[in-house]
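Okay, so here's the structure we're looking at.
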Amino acid sequence: MKIFDGVPQENITPFMRLFWTEQMKYIRCTNKKQLRYHPAIIKYCLNICAKSSAAYKQLKLDLENGTGVLVLPSQRTLRQYRNYVKPEHGFNPQITKDLAEMTAGFSSADKYVSIVIDEMKVQEDLVWDRSSGELIGFLDLGNESMNESTITDREKLASHVMVFLVKSIKNKLSFSFANFATDGASAAQIHLLFWKCVAILEISCQLKVICTVSDGASTNRKFIKMNKGVDDEKCTDVTYRTKNLYAPDRYIYFIADPPHLIKTARNALWKSGNDISGRYMWNNECYLFWKHIKDLFFEDLEYGLKSVTHLTTEHVMLNSYSVMNVKLAASVLSESTCVSLQVYGPPGAKETALFCRQFDKFFDCFNVKDTQQSKKKIKPFLKKYESEDDVRFNWLNSFIAYLDEWKQNIAKRPGEFTQTQRNNMFISLPTYEGIKISIKSLQEIIPYLLRNGFDYVLSENFCQDDLENYFGRQRAIGSRKTNPNSRDTIRNDRIIKNQLDPRPIEGGNCPA
């Protein structure tokens, strides 16, 4: 092809060659009705148009107006391709087929996936769908028999959308697999839908479900307890795994989203010493107060000590938004805060300082994002997992021992305290259980993966971040309408899928 004359072949990607070859063919076509676009070109155009329809319009050649530079399909044509799957709640056979085709070329190690589950608040609204003639907005689990058996009020409008996202442990696959219109799903509903999802992924898509990730909501905790194996001796304390019903030689592990645990731990410390909350965290004859961090910050501002430069007013003066911000929580519960409290804080702040250090290391164990992160931040706990005997596994055991000893110290504390008062001397029990579940799961998942085709594992893949990003995309599509309704979410899902990189998924974070 002349356009590539004199260009080194290594600088020409296969898609680049295909794209310009097709463009030459389209330009020579005299009858536009005979024009047929290559599937890869259609997919690429869907990707561009989903990100910006205005930019796509600028690129598309318009001979009448003399604008544009490329021969591309019309946006009407793209809409027909985008809507070939009927938007609906539940498990869609066409979506299953798309995922099966997308993962057909995966290696054995690539096929290990997690199921990430969470709910998003939506606008309670009833909308008539012109294409189907249906009213959309009622509670809907995607299956009539399941709706009849688990929904008591069929005329109630959905206030949430629950999404099941499939995420690969090894490569970049992050796929919103199914969504359901709920008013806050019950543990029984999650249980039924989860195992149906596992069945489809294991049988129809030939994927290997290794774990499921969810936050610490009460329904999620009940769902985990519903899966306790009768003969599993390792789950006597907390339920952290269950036999895979569709692959009995493997377990499915439960993980409480680590960023959520960091948030709840920080919020417990924030409430400590607050007369309104009644929480007064205590350990080893010392109180753990938010006031220790707050006073240190304002003294730093007043005297210019520069001891807590990593903190701002937003970190210490929390509001309804900042209490939900993981980044702010991780900055407060950090090694830097611990050292500052030890050097400049009062003598009674030693347990607050230790609390920050312990949770900083705990979060590092679950926040390994890439192979160079530990070198950039000079934090050894951010190294990739390469060994079944990683020292972090022993440290995680010591972290559980630290929490257990803390509980024992509270139980032995002399004084006439009610059980509620003693509970308020500790982090919340759901956070404590979530930490133990996540640690025990991580200690078994990583060695298992290293024995089954992984050179190394990045623990950030066991977090809910991808699903939170998905929810952010859902809200962003509506522009000023940041609170979509049930119908919006299922339509937006196709747009979001088209916004993702159209190139095939290859390589990964753990080359086999």
Side-chain angles (χ1 to χ4, degrees), residues 258-319 322-367 374 377-382 392 395-396 398-410 413 424-428 431-432 435:
H260 181 82
L261 296 175
I262 286 294
K263 239 180 354 185
T264 55
R266 187 277 315 272
N267 292 345
L269 182 61
W270 172 53
K271 294 176 182 178
S272 183
N274 186 333
D275 292 335
I276 298 176
S277 69
R279 182 177 293 277
Y280 291 88
M281 293 167 65
W282 178 92
N283 189 21
N284 288 328
E285 307 298 330
C286 292
Y287 282 101
L288 290 80
F289 284 157
W290 184 256
K291 186 176 184 294
H292 295 151
I293 298 173
K294 188 176 177 181
D295 288 350
L296 181 65
F297 172 74
F298 284 110
E299 284 178 11
D300 188 77
L301 284 182
E302 183 177 356
Y303 300 110
L305 299 176
K306 305 296 183 182
S307 61
V308 284
T309 53
H310 64 291
L311 300 182
T312 65
T313 307
E314 194 176 12
H315 289 85
V316 297
M317 303 296 290
L318 301 183
N319 53 40
S322 54
V323 294
M324 302 299 293
N325 192 306
V326 176
K327 187 175 181 180
L328 296 180
S331 296
V332 172
L333 301 185
S334 64
E335 179 70 20
S336 300
T337 304
C338 170
V339 173
S340 297
L341 283 171
Q342 288 176 335
V343 176
Y344 300 104
K350 65 176 183 178
E351 285 299 324
T352 306
L354 180 60
F355 181 87
C356 293
R357 171 173 286 159
Q358 294 289 79
F359 274 91
D360 177 61
K361 289 185 176 181
F362 165 75
F363 190 47
D364 285 351
C365 291
F366 283 88
N367 196 38
S374 64
K377 296 191 175 182
I378 319 177
K379 300 186 78 172
F381 274 30
L382 290 175
R392 283 167 287 189
W395 183 88
L396 288 169
S398 70
F399 181 57
I400 293 178
Y402 159 75
L403 296 176
D404 289 340
E405 183 182 354
W406 184 357
K407 282 194 72 179
Q408 292 170 8
N409 290 341
I410 293 170
R413 184 181 182 183
N424 284 335
M425 297 176 192
F426 191 55
I427 57 176
S428 67
T431 301
Y432 171 65
I435 289 170

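Residue indices begin at 1 and follow the sequence shown. Note that these values count all heavy atoms, side chains included, but never hydrogens, waters or copies made by symmetry.
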I'd like to know if the side chain of [X] reaches the main chain of [Y], judged simply by a donor and an acceptor atom lying under 3.5 Å from each other, with no hydrogens or angles considered.
{"X": "Ser340", "Y": "Ser307", "answer": "yes"}
{"X": "Asn284", "Y": "Cys286", "answer": "no"}
{"X": "Ser398", "Y": "Trp395", "answer": "yes"}
{"X": "Trp406", "Y": "Trp282", "answer": "yes"}
{"X": "Thr264", "Y": "His260", "answer": "yes"}
{"X": "Arg279", "Y": "Phe426", "answer": "yes"}

Measure the spacing between [atom1] of [X] and [atom2] of [Y] and express it to the nearest 0.5 Å.
{"X": "Leu333", "Y": "Ile293", "atom1": "CG", "atom2": "CD1", "answer": "6.5 Å"}
{"X": "Ile410", "Y": "Glu405", "atom1": "CD1", "atom2": "CD", "answer": "11.0 Å"}
{"X": "His310", "Y": "Phe297", "atom1": "NE2", "atom2": "CZ", "answer": "10.5 Å"}
{"X": "Glu351", "Y": "Leu341", "atom1": "CD", "atom2": "CG", "answer": "12.0 Å"}
{"X": "Met425", "Y": "Lys407", "atom1": "CE", "atom2": "NZ", "answer": "13.5 Å"}
{"X": "Gln358", "Y": "Leu354", "atom1": "CD", "atom2": "CG", "answer": "5.0 Å"}

Does Val308 form a side-chain contact (heavy atoms from CB on, under 4.5 Å) with Thr337? I'd like the steps, not just the answer. CA-CA 7 Å; Val308 284; Thr337 304; 5.7 Å; no
For residues [X] and [Y], report the shortest heavy-atom separation together with the two atoms involved.
{"X": "Tyr402", "Y": "Asn283", "value": "CE1-ND2, 4.2 Å"}
{"X": "Thr352", "Y": "His292", "value": "OG1-ND1, 2.8 Å"}
{"X": "His315", "Y": "Leu318", "value": "O-CD2, 3.2 Å"}
{"X": "Val332", "Y": "Cys356", "value": "O-SG, 3.8 Å"}
{"X": "Ser331", "Y": "Leu311", "value": "O-CD2, 3.9 Å"}

Quick one: are [X] and [Y] in side-chain contact, heavy atoms under 4.5 Å?
{"X": "Lys294", "Y": "Phe298", "answer": "yes"}
{"X": "Ile435", "Y": "Ile427", "answer": "yes"}
{"X": "Phe363", "Y": "Leu261", "answer": "no"}
{"X": "Cys365", "Y": "Lys361", "answer": "no"}
{"X": "Ser272", "Y": "Trp290", "answer": "no"}

I'd like to check the salt bridge (Lys or Arg N to Asp or Glu O under 4.0 Å) partners of Asp360; sequence neighbours left out, ordered by chain and number.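 Lys379.
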Pairing residues for Glu335 by the salt bridge (Lys or Arg N to Asp or Glu O under 4.0 Å) criterion, not counting sequence neighbours: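 For Glu335, the residues satisfying salt bridge (Lys or Arg N to Asp or Glu O under 4.0 Å) (neighbours in sequence not counted) are Arg357.
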Would you mind telling me which of Phe359, Phe366, Phe355 makes a ring pair (Phe, Tyr, Trp, His ring centres under 6.0 Å) with Phe399?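 Looking at Phe359, Phe366, Phe355, the match for Phe399 under the ring pair (Phe, Tyr, Trp, His ring centres under 6.0 Å) is Phe359.
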Result of checking Asp404, Leu396, Leu403 against Ile400 for side-chain contact (heavy atoms from CB on, under 4.5 Å):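 One option only clears the test, and that one is Asp404.
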Scan for salt bridge (Lys or Arg N to Asp or Glu O under 4.0 Å) pairs involving residues 261-271, sequence neighbours excluded, and state none if there are none.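 Applying salt bridge (Lys or Arg N to Asp or Glu O under 4.0 Å) to every pair that reaches into residues 261-271, excluding sequence neighbours, yields nothing.
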Verdict with reasoning, Asn319 to Ser322, per side chain to side chain donor-acceptor pair (under 3.5 Å): CA-CA 5 Å; Asn319 53 40; Ser322 54; 3.1 Å; yes
